[in-house]
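Down below is the structure, laid out as structure tokens.
We count ligands from 1, going down the list as the structure has it; atoms in each ligand are counted the same way. The analysis underlying the following values was restricted to heavy atoms, covering all of them including side chains, and did not include hydrogens, waters or symmetry mates.
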Amino acid sequence: MASLSREQVSALTRLTELADQRGSAVYLVGGPVRDLRLDLPPGDLDVAVEGDAIALAARLAETTGCRLVRHARFGTATVSGDGAHIDLASARSETYQTAGALPTVRPSTIDDDLHRRDFTINSMALALNGTAAGQLLDPSAGRADLDAGLIRVLHETSFQDDATRILRAARYEARFGFRLEEATRDLLVRDLPYLETISPARVHHELARTLLDPEPERALSRLANLGALRTLHPSLHFDSDLATAFQRLREIAPRAVPSAYWALLTWHAARSAAEPVIARLGLTRRQADAARALNALREHPPQSGARPSETASLFSAQPAAAVWALAAVGSGAAREQAHAYMTRYRNVRPLLRGGDLLALGVQPGKPVGDVLARLRAAKLDGEVRTRADEERLVRDGLARNDE
Ligand code: CTP
């Protein structure tokens with residue numbers, strides 16, 4: 001049975017004592033309550049405070065020596081250290097002035113706070129103090145939906161208020177093996193156009209969290225089937241080839257995840273649409289560079305009979321995430337060459353070092369670099385194997401220069 005860690009329990013106990021002193025009611029809320037019910041270990045702890053969350057967080061950080069980060073604009077704060085990470089927010093109600101914009105927020109009760117949330121399974125709270133301590137607050141029957149494996153919105157215009165919920169719904173479905181409740185699915189499809197109200201930064205934030213899940217291709221395939229990806233941008237597709245590429249990427253380069261995923265997401269964008277897709281996904285500069293490089297490699301793949309040294313010189317100038325992405329996707333030859341480069345060619349070095357070359361009579365500076373590059377190419381192409389082979393190649397080169 002999953003439960004809170006000892007460190008989390010002691011942080012929450014301390015928090016509750018401080019909240020009692022201040023007369024504030026505190027609740028564990030949202031994700032961790034859901035995860036505990038699902039028997040999954042909760043990660044970060046979300047706490048709703050009926051009262052001043054920032055002041056309470058500051059007091060907790062002060063008495064425990066933990067780190068405090070305040071987000072005054074949002075009335076939230078984070079306290080982390082000693083094996084626990086707690087996000088505190090003042091309980092609030094939200095009203096949406098315009099679709100997609102951040103809501104107007106007012107301090108309120110835990111009841112209002114639960115009613116402003118995305119899905120029933122995320123709208124439960126566990127009272128940590130007061131007479132209700134230990135009780136589950138579940139005004140929207142989230143527990144029943146958790147048991148039934150259903151993702152259900154709390155009201156008709158939920159996706160209009162905040163269309164990032166469309167992206168979130170697919171993530172929860174895939175992560176927990178749940179499904180969209182029927183009416184929620186209809187509302188989601190009806191409200192797909194509201195995705196246009198969501199800024200690239202918010203799209204990026206939600207997809208980045210999806211890409212951290214163990215099998216993000218599940219949520220992305222679902223978003224494609226629901227029509228959400230093409231609503232984000234008509235050239236954004238996710239098909240079974242990309243799903244296979246995601247799986248292969250994890251097998252061949254677990255450490256290139258998630259940066260190479262981002263590049264793969266732009267794989268189907270036609271050349272002219274690559275930039276708009278990059279912009280719509282809110283890619284960081286590094287992610288965008290990898291996406292552009294992958295696109296360029298797709299347009300101009302290495303020749304199928306290329307020598308290893310030619311392949312190496314093409315790939316060595318590219319971001320690693322782009323070459324890993326190519327090694328996971330695409331057609332035969334290019335994919336194999338990218339894989340060979342990342343797993344073998346890029347680690348090939350001549351046996352001779354700069355000092356050895358100087359001793360053989362190569363001039364210091366650029367000539368040493370040039371000869372090292374020539375040696376590396378010869379080694380990649382199997383022209384030299386031993387140290388003696390390399391020395392011969394250097395001497396031959398020097399002799400030719402003297403002619
Ligand atoms: N929430 C919401 N609408 C959003 C974003 C968040 O109602 N657009 C609420 C949900 O109740 C959610 C909580 O805020 O449980 C915390 O948000 P977040 O950290 O994004 O959700 P978790 O479920 O904790 O996140 P994760 O996907 O990492 O499990």
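Ligand 1 has a nitrogen or oxygen under 3.5 angstrom from a nitrogen or oxygen of R209. Any N or O atom pair closer than 3.5 Å counts here, and R171 shares at least one such pair with ligand 1. The shortest N or O to N or O distance between N122 and ligand 1 is below 3.5 Å.
Close approach of ligand 1 to D46 (heavy-atom distance below 4.0 Å) involves ligand atoms 16 (C), 24 (O). When each atom of ligand 1 is checked for a heavy atom of Y172 under 4.0 Å away, the hits are 21 (O), 22 (P), 23 (O), 25 (O), 27 (O). Against a heavy-atom cut-off of under 4.0 Å, T164 is close to the following atoms of ligand 1: 8 (N).
Counting only heavy atoms from C-beta outward, the side chains of D44 and I86 never approach each other to under 4.5 Å.
A288 and I278 make their closest contact through CB-CG2, 3.6 Å (heavy atoms, listed as atom of the first residue, atom of the second, distance). The two residues L195 and A228 make their nearest non-hydrogen contact at CD1-O, 3.6 Å. Here the closest non-hydrogen pair linking P302 and Q337 is CG-OE1, 3.1 Å.
D162 OD2, 2.7 Å is the protein heavy atom nearest to atom 8 (N) of ligand 1. Among protein heavy atoms, atom 13 (C) of ligand 1 sits closest to R117 NH1, 3.5 Å. The protein heavy-atom contact nearest to atom 10 (C) of ligand 1 is D118 OD1, 3.4 Å.
Of the charged side-chain nitrogens involved, none lies within less than 4.0 Å of a carboxylate oxygen, so that D370 and R374 do not count as a salt-bridged pair.
Remark: among candidates R168, R175, E94, the nearest residue to atom 4 (C) of ligand 1 is R168, based on non-hydrogen atoms.
The closest side-chain donor-acceptor pair between R376 and Y345, if any, does not fall under 3.5 angstrom. A side-chain donor-acceptor contact under 3.5 Å links T284 and Q287.
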